[in-house]
Amino acid sequence: MALAINIEDLLNKQKIESNRIEFKKGWNPASIYHSVCAFANDFDDLGGGYIVVGVDTDDDTGMAIRPVEGVPVEKIDGILQEMVGYNNKMSPYYLPRTSVEEVDGKQVLVIWCPAGINRPYSVPENVTAKNGSKEYFYIRSGTSSIIAKGEVLDELRELASRVPFDERGNPDIKVEDISTLLLREYLVKVGSKLANELYQRPLEEILEQMDLYVGPSENRSLRNVAAMMFCENPSKFFKRTQVEVVFFPEGRLVNPNNLYEAPVITGSVTQIIERTLEYLNRMVVMQSIIKPKNDNHSIKFYTYPYQALEESITNSLYHRDYREWEPVVITVEPKSITIQNVGGPDRSIPAADISRGELLISKRYRNRRLGEYLKELELTEGRSTGIPTIQNVLKANGSPRAIVVTDEERTFFRITIPCHEAAGNIIADIASKDNHDPKDGLKDGLKELTDRQKVIVEMIIANPFLSAKTISEKMSEKMSEKMSEKEGVNERTIERDIAKLKKLGVLTREGGRKEGKWVINNKYQ
């Protein structure tokens, strides 16, 4: 079956850390199963790893030598049969995923070893021994697989009770909740061959191949990360999975009563990140040019470097505690942007490192698999590199350093990104820049619509994948603050309003009823 990522990314060690990839020139099961066991144990919570058989490496660089050696086609079926027996020798039983890929006109075997849910795992020192062999627990140390001993083995055994939240099974998530549109978009972006198979095979098979199911065969459950990534409305399972942006034109302390809120940003985790970045990029990221006296060279800077916002917002959705019913809140003031999420840094990170706002190295990740997806989409740099990246781009822009704060109980994480000191108060006229009335968040072009229709447009701007049923459910939350009418609004009423908006040219529909989305006419955005 096909991989959920592109084989060239593995060979070039792109998007996946090098210590999660191991190349083998030939089929050597005794050595290979040490690595299968080590990746399954995932001692450092990196997300497992990949073993590529049929690829030799350069002794100096560790990179794949091209063209690859390949595995003889006539031997592949035999290797796959052998693996069935070797998998049964692991304790407890563990099933790695396999894929035969064509590279340089030859066949290579990729063995994907996701982090196991029943760790710790052990395997015989030599799985090919007929009379049995002593079993050991293996872990990764850099790019090698070694036997876990002493305190390391004790810590490995403790991992049995620490499964990251996003990898846990959730019986409430049904296959019908998964959007094939979002799934295909992801597979296409990462260059996976599964994108071509999505509409040719049952969706359950694709999700199984991506290791998104967990549990025994008679009671399979989708992992939480499946809803985070591929559900149009993950708030159905993780309440208030959304971003709320609040503007204080004079500053929160100077005048806390002078504020206005942007439309709530919803969708899958990746959609929320992309929509939030698009909104802030349009609203607050501006380039300025200063020409100093007696100097022919101009000074260019941004109010906020885009990459600093990208890292901060991505990390807030990545590290958020999805068990808490609190949104990510972004506060925009004249001199800074503050991004806060529930769920603070892991206890393994010293408080002194947090207060310095530098390299924050965590031993455990709350949403390990989610981070893996975000990195493959190039939405985040990688593990423990977010804060250094933010500080570096701020320094290069001539901006002050970002400030990182949490509490003693580690219940939240807050990062404040300062505006460039020469930018002035850029949010005093944001309402006019956005052409939105802060009271209703809509352009003057929509004044002829009813209050309810305006709210529908506002909701769809924030999330174009909403259904009429979802809009009707959310409408009650908006009525008291936005609308004069107080009676309930049923689904049929919303459908009539949507039909009216389509007739007026405000809305159009792209795609089918289940997998399509709404598009707002540009002049109304």
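FYI, the numbering just counts along the sequence from 1. Predicted model only: the values in this text are computed from it and were never measured.
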Give the minimum heavy-atom separation between Met63 and Leu11, together with the two atoms involved. CE-O, 4.0 Å
State, without any angle test, whether Thr416 and Thr338 hold a side-chain donor-acceptor pair at a distance under 3.5 Å. yes
Could you walk me through whether Glu204 and Tyr213 satisfy the side chain to side chain contact (heavy atoms under 4.5 Å, CB included) test, starting with their C-alpha distance in whole Å, then the side-chain angles of each, then the deciding distance to 0.1 Å, before giving a yes or no? CA-CA 9 Å; Glu204 290 88 341; Tyr213 275 108; 3.4 Å; yes
How long is the straight-line distance from CG of Asp211 back to SG of Cys113, given to the nearest 0.5 Å? 10.5 Å
Looking at every heavy atom in both Leu198 and Leu203, which two are closest together, and how far apart are they? CD1-CD1, 3.9 Å
Compute the ring centroids of Tyr186 and Tyr373, then answer whether they are less than 6.0 Å apart. yes
Under 3.5 Å: donor-acceptor pair, side chain of Asn397, backbone of Ser399: no
Arg275 to Tyr279 six-membered ring, cation-pi geometry met (6.0 Å, 45°): no
From CA spacing to verdict: salt bridge (Lys or Arg N to Asp or Glu O under 4.0 Å), Lys106, Glu102: CA-CA 5 Å; Lys106 300 178 181 178; Glu102 183 174 336; over 6 Å; no
Can you give me the closest heavy-atom contact between Pro120 and Leu156, atom names plus distance? CB-CG, 3.7 Å
Thinking salt bridges, do Lys24 and Glu22 make one under a 4.0 Å N-O criterion? yes
Examine distances only and state if a side-chain atom of Asn281 and a backbone atom of Leu277 form a donor-acceptor pair shorter than 3.5 Å. no
Within 6.0 Å of OH in Tyr86, more than 12 heavy atoms from elsewhere: yes
For Leu379, does its backbone N or O pair with a side-chain atom of Thr314 as donor and acceptor, under 3.5 Å? yes
Can Glu326 and Arg320 be counted as an ion pair, charged N to O under 4.0 angstrom? no
Please indicate whether Glu74 has more than 12 foreign heavy atoms, meaning atoms of other residues, nucleotides or ligands, lying under 6.0 Å from its CD. yes
Considering only NZ, NE, NH1 and NH2 on the basic side and carboxylate oxygens on the acidic side, decide whether Glu376 and Arg20 come within less than 4.0 Å. no
Side-chain (Asp42) to main-chain (Ala115) donor-acceptor, under 3.5 angstrom: no
For Lys13, is there an ion pair with Glu8 - N to carboxylate O distance below 4.0 angstrom? no
Check for a donor-acceptor pair, side chain of Ser141 on one end and backbone N or O of Ser144 on the other, with a separation under 3.5 Å. no
Between Glu167 and Arg223, does the salt bridge (Lys or Arg N to Asp or Glu O under 4.0 Å) criterion hold? Intermediate values first, please. CA-CA 5 Å; Glu167 296 209 56; Arg223 298 181 191 267; 3.7 Å; yes
Can you tell me how far the CD1 atom of Ile265 sits from the CG atom of Leu280, to the nearest 0.5 Å? 7.0 Å
Looking at side-chain heavy atoms only, is the closest gap between Arg140 and Ser145 below 4.5 Å? yes
With the side chain counted from C-beta on, respond yes when Phe465 and Gln271 share a heavy-atom pair under 4.5 Å apart, and no when they do not. yes
Would you confirm whether Asp321, through its side chain, and Val342, through its main-chain N or O, come within 3.5 Å as a donor-acceptor pair? no
Take atom CG in Asp407; do more than 12 heavy atoms of anything else shown fall under 6.0 Å from it? yes
Under the 3.5 angstrom rule, does the side chain of Ser312 hit a backbone N or O of Ala308 as a donor-acceptor pair? yes
Are Asp172 and Lys236 close enough for a salt bridge, meaning some N to O gap below 4.0 Å? no
Quick one: do the Asn463 and Thr266 side chains pair a donor with an acceptor below 3.5 Å? yes
Spacing of Asn315 atom CG and Ile339 atom CD1 [to the nearest 0.5 Å]: 9.5 Å
Residues Glu208 and Arg220 bridged, charged N to O under 4.0 Å: yes
Checking side chain to side chain contact (heavy atoms under 4.5 Å, CB included) for the pair Glu135/Ser91: CA distance, chi angles, key distance, verdict? CA-CA 9 Å; Glu135 292 190 8; Ser91 181; 3.9 Å; yes
Atom pair CD1 (Ile273) and OH (Tyr318), whose distance is rounded to the nearest 0.5 Å: 11.5 Å
Taking Asp58 for the side chain and Thr61 for the main chain, is one N or O donor matched with an acceptor at less than 3.5 Å? yes
Inter-residue atom distance Leu374.CG - Leu317.CG, 0.5 Å rounding: 8.0 Å
State the CD1-NE2 distance between Ile139 and His34, to the nearest 0.5 angstrom. 14.0 Å
Please evaluate residues Arg282 and Glu278 with respect to the criterion salt bridge (Lys or Arg N to Asp or Glu O under 4.0 Å), reporting the C-alpha separation (whole Å), side-chain torsions for both, the decisive distance (0.1 Å), and the verdict. CA-CA 6 Å; Arg282 173 163 52 88; Glu278 187 280 328; 3.4 Å; yes
Of all the heavy-atom pairs spanning Thr241 and Pro234, show the shortest one and how long it is. CG2-CG, 4.0 Å
Student check: side-chain heavy atoms of Val405 and Gln340 closer than 4.5 Å: no
For a side chain to side chain contact (heavy atoms under 4.5 Å, CB included) check, start with the C-alpha distance between Phe43 and Glu155, then their side-chain angles and the critical distance, and finish with the verdict. CA-CA 9 Å; Phe43 182 71; Glu155 188 174 352; 3.7 Å; yes
Trp27 side chain reached by Lys75 side chain, heavy atoms, under 4.5 Å: no
Give the intermediate values and the outcome of side-chain hydrogen bond (donor to acceptor under 3.5 Å, both in side chains) for residues Asn87 and Tyr33. CA-CA 9 Å; Asn87 295 339; Tyr33 266 81; 2.6 Å; yes
Any Lys/Arg nitrogen of Lys189 or Glu185 sitting under 4.0 Å from an Asp/Glu carboxylate oxygen of the other? yes
Between Trp112 and Tyr50, what is the ring plane arrangement, given parallel below 30°, perpendicular above 60°, and tilted in between? parallel
On a heavy-atom basis, the closest approach of Gly54 and Val68 is O-CB, 3.7 Å
Donor-acceptor pair, Asp177 side chain versus Ala227 backbone, under 3.5 Å? no
For the residue pair Asn170 / Asn224, report whether a side-chain donor-acceptor contact shorter than 3.5 Å exists. yes
Before accepting this row, confirm whether a basic side-chain N of the pair Lys375/Glu17 lies closer than 4.0 Å to the acidic partner's carboxylate O. yes
Quick one: does Ser35's side chain get under 4.5 Å of Ile51's, heavy atoms only? yes
Flag the pair Pro164 / Arg369 as yes when at least one side-chain heavy-atom distance between them is below 4.5 Å, and no otherwise. no
Please check if the number of heavy atoms outside Glu409 that lie under 6.0 Å from its CD is greater than 12. yes
Could you pull out the closest heavy-atom pair between Thr411 and Thr406, with the gap in Å? N-OG1, 4.5 Å
Any donor-acceptor pair under 3.5 Å from Asn41 side chain to Tyr121 backbone: yes
Hey, are the side chains of Glu69 and Val55 touching, using non-hydrogen atoms and a 4.5 Å cut-off? no
Quick check on the 6.0 Å ring-centre criterion: do Tyr322 and Phe165 meet it? no
Between Phe413 and Ile415, is any pair of side-chain heavy atoms under 4.5 Å apart? yes
